[in-house]
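Chain A is the first sequence line, chain B the second, and so forth, proteins listed ahead of strands; every chain is numbered from 1.
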Amino acid sequence: MDTERYDPASFEPGLADRWASSGAYTLTPPAADPAHLEAGAAADGGGGRAYYALTMFPYPSGDLHMGHAEIFTIHDALVRHLRMTGHRVLNPIGWDAFGLPAENAARKRGEDPRAWTYANIEEQRRTIARLGYSFDWSTVLRTCDAEYYRWTQWIFLELLDADLAYRREALVNWDPVDRTVLANEQVIDGRGERSGALVERIPRTQWFLRITRYADELLDGLDAIEWPERVKNAQRAWIGRSEGAEVRFTTADDGAEVVVYTTRPDTLYGATYFVFAPEHPLVLARMGDDPEYAAFRTEVSRRSEIERLSGLDGAGDDDEAGAGRAKRGVRLPFDMVNPVDGRTIPAFAADYVLMEYGTGAIMAVPAHDQRDLDFARQYGADVRVVVRPDDGTVLDPATMTEAWAGDGTTVNSGEYDGLPWQETKRRVIADLETRGLGSGRVNYRLRDWLISRQRSWGAPIPVVHCPDCGEVGVPRDQLPVRLPDDLDFTVQGSPLEAHPTFKHDVVCPRCGSADAVRDTDTMDTFVDSSWYFLRYLDPTSEDHAWPVAAAGRWLPVDQYTGGIEHAILHLLYSRFFVKALRDLGHVAADEPFARLLNQGQVIMGGAAMSKSLGNLVAPKEVYERFGVDTLRATMLFASAPEDDIDWADVSPTGMHKWLSRVWRLGVEHVARGGSAAGDAAGDDADGRALALRRAAAVAVEAAGREYAARKYNTAIARMMELTNAVNEALRTPPTPAVEAAVAEALRDLLLLLAPIAPFITEELWGRLGHDGSVHDQRWPEADPALLVLDEVEVPVQVDGKLRGRVTVPVGTSREDLEAAARAEPAVAAHLTGEVVKVVVVPDRMVNLVVKG
RNA sequence: GCGGGCGUAUCCCAAUCGGCAGAGGAAGGGGACUUAAAAUCCUCCCAGUGUGGGUUCGACUCCCACCGCCCGCACCA
């Protein structure tokens with residue numbers, strides 16, 4: 001038989017164009033349409049259950065890469081399967097279109113950032129369509145559109161009015177050559193990425209969002225959402241809640257009060273010295289004019305801490321980072337008094353105490369805190385043991401090099417001696433409160449979110465600074481505060497700042513003062529992406545940011561798919577936004593994303609794909625050679641969605657071979673004149689037809705379960721088994737009954753494969769004579785009668801070791817099964833002694849225990 | 001250092017509640033078809049589950065300890 005070869009290039013582009021241009025996956029009515037409320041409310045019926053499936057929108061820097069292809073392929077298989085199982089799926093796509101690369105292109109090559117961005121978006125859009133991803137093209141958004149960032153600014157004003165946005169001075173990275181503040185990503189080894197200048201930390205007044213107000217709720221809310229445990233743990237660690245006490249120490253000379261925060265108030269008697277953050281106000285007041293101290297501060301200031309202030313990731317991979325790095329400190333010319341025992345202890349300033357955490361000052365307990373012990377050994381401070389380890393370890397203050405932070409009994413602490421340390425902690429806090437020396441206190445590692453960016457390809461902060469009125473929000477009816485189209489990127493520093501009119505062509509919205517100026521900073525792009533999932537509900541509306549009623553229906557997002565790299569920042573900020581917007585009455589949900597799936601990365605030969613390593617594989621190379629279906633199926637077959645895919649280990653060739661086989665089985669069936677719909681008529685003397693029908697039922701049943709669990713790799717394996725079964729049935733010339741069973745099996749196979757390989761299944765669906773699109777069909781269900789077996793082979797163990805097998809009718813009683821097992825010769829040979837115990841699991845196994 | 005994850009055939013990977021270690025694929029050997037190759041088909045080969053204990057009638061699966069690798073966080077008092 002001369003068979004037409006599998007040539008995906010001959011039909012994939014045409015189908016892709018048709019799907020994209022015909023609005024094949026447009027949700028009707030749109031999510032914002034009130035009719036949705038009824039449609040969504042119906043459990044099934046007309047519309048099916050409303051389901052919001054979301055994948056992290058891409059940043060448009062160049063064409064799609066393999067990482068995108070993987071996320072979208074997983075997401076699309078999920079979405080297509082959901083549609084076939086009767087869900088009304090909201091499946092939007094957009095672009096996280098503000099950001100530094102556009103600005104860099106403008107600076108380096110003189111390109112217009114808007115044109116650069118839109119060209120990339122167009123390229124990505126075409127590739128997404130070509131790859132058959134079934135996004136709803138009617139709800140596209142781009143965060144750089146004024147129609148979008150107008151509402152980003154509106155949210156900022158809402159937060160400002162609610163005192164969730166505020167301005168204060170913070171230390172930032174300052175590039176003295178380019179005369180600009182740099183984001184942490186732009187600081188490499190302490191130098192500006194572009195200028196190479198040593199970056200300084202300078203104070204600058206910046207905008208913050210008060211995420212810390214939600215610290216407890218952000219922590220507690222994690223228990224209620226279905227996210228990977230590691231992501232939840234990362235957020236828990238980031239929020240960093242700790243319970244301890246604030247304690248009032250005083251200076252020995254003039255009795256000035258200095259509060260410390262400690263999680264171990266039970267070790268107060270072990271405090272042998274005192275440490276201030278280098279920039280602690282009391283220290284600055286006393287040491288401000290001292291040149292040696294100024295030199296010390298300059299040295300310390302090289303250490304960046306913007307990452308904590310801004311929430312941005314630092315480079316942080318050098319030896320200087322983390323615990324155990326050398327501490328720098330100076331002895332201050334005064335002492336402190338411990339309030340519980342009146343002892344005088346020396347005061348230091350050291351870089352290991354951070355002004356930003358706690359109170360900026362600590363009591364140092366070297367015996368029970370490793371950092372303090374390291375510092376004490378370096379600077380010759382005393383060590384006093386106040387906890388005796390429970391495990392018998394003996395601590396020698398003179399020689400110990402490892403602080404004891406484990407369980408133990410309080411010693412050398414006056415009235416508290418002999419108590420377990422936890423009990424001491426409780427009592428000390430209570431006593432401090434009674435005596436007015438301190439109080440219990442909860443602290444967080446989480447800082448407020450610094451959102452000011454001295455960049456020009458972002459949403460302008462909608463604030464006017466007036467000499468009389470101060471910071472005044474731009475009235476909402478004057479939004480958006482537009483980004484000028486004629487920014488000059490050749491200037492040093494901020495193009496917005498340098499623009500001829502942007503900053504100064506404004507009057508105070510409150511008093512009309514012409515001396516007012518616009519804020520020239522833009523917002524962190526993470527602000528843009530903290531609410532885009534709401535805007536998808538009505539992306540073109542000029543009346544509202546999103547329809548509140550529809551948000552009630554669609555939020556939280558049922559399923560969010562994206563990379564693990566956003567474990568903290570984007571996912572934490574989005575959670576914060578939803579909670580804040582909820583409290584402002586704009587959404588009803590507590591959380592943005594009910595379920596999260598973090599797909600693995602696509603790597604090559606064990607390393608990340610990168611241009612510099614020369615191991616880059618582009619999606620295009622793969623689909624131009626093998627077709628899109630092969631690319632998609634290869635990715636899904638390579639591993640479970642959460643696992644990394646090493647492209648060096650996978651075989652698009654093998655996948656292409658299998659799809660070719662599916663193709664051949666289909667077109668050959670058509671060539672033989674096989675019917676579309678299965679018709680069980682005809683004789684089936686050798687049972688081949690029944691065997692195939694059973695194999696198809698098993699595949700449908702198993703693949704269905706695996707789809708539900710999102711294990712596409714094993715679902716594909718089930719389909720491969722089914723193709724093997726069809727092949728087996730056709731080994732000898734088919735009878736009419738076999739031909740009918742083949743038709744059924746092929747139909748099932750195409751339905752099972754459709755979410756993964758949408759093109760070949762659609763093409764064969766038509767060729768096999770089925771009506772409509774394969775993607776509009778109901779998900780197949782297995783005929784239970786075909787899943788029931790007549791007989792089962794049951795393993796028989798003797799003393800837990802497999803000794804034989806017996807084949808018995810399904811449902812054989814325990815007694816009969818045991819008898820059959822004992823009668824099996826291979827088993828009987830091992831029954832040398834008395835059988836002391838018999839374990840029978842009907843239809844599953846028998847275990848005969850001989851030895852006592 | 002803390003947290004999370006992973007170690008199964010040559011390789012990638014499977015194995016509901018603990019119940020026959022192999023579903024699927026890749027690579028490799030042999031064969032059929034072919035003038036030949038490709039393609040296709042048939043067939044063979046391939047581990048006792050990182051190590052050591054424990055629980056159990058029975059452990060890849062549960063528990064403990066250790067080894068190795070990966071990821072995240074890391075001076076947060």
Side-chain angles (χ1 to χ4, degrees), chain A residues 3 5 228-234 236-238 240-242 244 260-264 267 275 277 303 305 308 316 320-327 350-354 356-365 368-372 374-375 405 443-447 564-565 567-568 600-601 603 606 634 637-640 642-646 648-655 657-658 660-661 664 702 705-706 709 711 713-721 723-724 727 731 793-805 836-841 844-851:
Chain A
T3 305
R5 274 186 55 237
E229 209 49 45
R230 59 176 171 154
V231 176
K232 292 193 194 183
N233 282 333
R236 289 190 185 107
W238 189 265
R241 181 187 154 102
S242 72
V260 302
Y261 174 72
T262 175
T263 55
R264 294 296 300 271
T267 62
V275 191
R303 316 281 180 101
E305 65 173 329
R308 283 193 228 48
E320 288 278 280
R325 81 180 166 191
K327 294 160 179 50
D351 63 350
Y352 79 97
V353 174
L354 310 172
E356 302 297 325
Y357 185 80
T359 60
I362 64 158
M363 62 172 200
V365 185
H368 306 291
D369 183 293
Q370 192 61 44
R371 296 155 301 181
D372 294 343
D374 292 343
F375 188 84
N443 239 316
Y444 301 92
R445 218 179 63 101
L446 182 70
R447 310 296 160 79
I564 188 73
E565 66 273 19
I568 294 180
Q601 289 186 299
I603 59 176
T634 300
F637 186 56
S639 63
E642 297 83 357
D643 296 341
D644 287 350
I645 296 173
D646 194 331
D649 292 332
V650 301
S651 172
T653 316
M655 185 51 64
K657 211 191 276 186
W658 177 63
S660 299
R661 193 191 234 197
R664 193 165 39 77
R705 260 190 291 117
E706 276 152 4
K711 300 187 69 176
N713 52 340
T714 50
I716 291 172
R718 297 286 94 76
M719 295 176 224
M720 288 172 165
E721 287 179 272
T723 48
N724 290 344
N727 212 48
R731 196 181 290 194
E793 191 184 55
V794 175
V796 181
Q797 301 173 349
V798 177
D799 289 336
K801 291 197 177 92
L802 180 68
R803 296 302 186 188
R805 301 166 208 274
V836 296
K837 181 163 186 174
V838 180
V839 181
V840 180
V841 182
R844 295 300 293 271
M845 52 78 62
V846 175
N847 189 13
L848 303 167
V849 184
V850 174
K851 62 185 177 203

(request) Would you classify C17(B) as syn or anti? Syn applies when the glycosidic angle is within 90° of 0. (result) syn

(request) Sugar-phosphate atoms are those with a prime plus P, OP1 and OP2; base atoms are the rest. Using that split, label each nucleotide of nucleotides 11-18 of chain B B, S or - for protein heavy atoms under 4.0 Å, 5' to 3'. (result) SSSSSB--

(message) With a cut-off of less than 4.0 Å, is there a side-chain N or O of Tyr261(A) near OP1 or OP2 of A77(B)?
(response) no

(message) Would Lys327(A) pass as a cation-pi partner of Tyr352(A), given that its NZ or CZ must be under 6.0 Å from the six-membered ring centre and within 45 degrees of the axis?
(response) yes

(request) Remember a base hit wins even if backbone is also touched, and classify Val275(A) as base, sugar-phosphate or nothing at under 4.0 Å, heavy atoms. (result) nothing

(message) Working to the nearest 0.5 angstrom, can you tell me the gap between Leu354(A) CG and Thr359(A) OG1?
(response) 11.0 Å

(message) When both hydrogen-bonding distances must be under 3.5 Å and the geometry is Watson-Crick or G-U wobble, what is C62(B) paired with, if anything?
(response) G54(B)

(request) State which of C42(B), A77(B), A74(B) makes the closest approach to the side chain of Arg731(A). (result) C42(B)

(request) Give a yes/no on whether any side-chain N or O of Asn727(A) is located under 4.0 angstrom from OP1 or OP2 of U40(B). (result) no

(request) Using distance alone, with no hydrogens and no angle criterion, decide if Asn233(A) and Arg236(A) have a side-chain donor and acceptor under 3.5 Å apart. (result) yes

(message) Taking the C1' atom in each of U61(B) and G48(B), what is the distance between them to the nearest angstrom?
(response) 14 Å

(message) What's the gap between A15(B) and U8(B) when it is taken at their C1' atoms, as a whole Å value?
(response) 10 Å

(message) Heavy atoms from C-beta onward define the side chain here; which of A77(B), C57(B), G4(B) lies closest to that of Lys837(A)?
(response) C57(B)

(message) Looking only at the side chain of Glu721(A) (C-beta and beyond, no hydrogens), which of the listed nucleotides C75(B), A23(B), G19(B) gets closest?
(response) A23(B)

(message) Does a side-chain N or O of Arg664(A) approach OP1 or OP2 of C41(B) to a distance below 4.0 Å, or not?
(response) yes

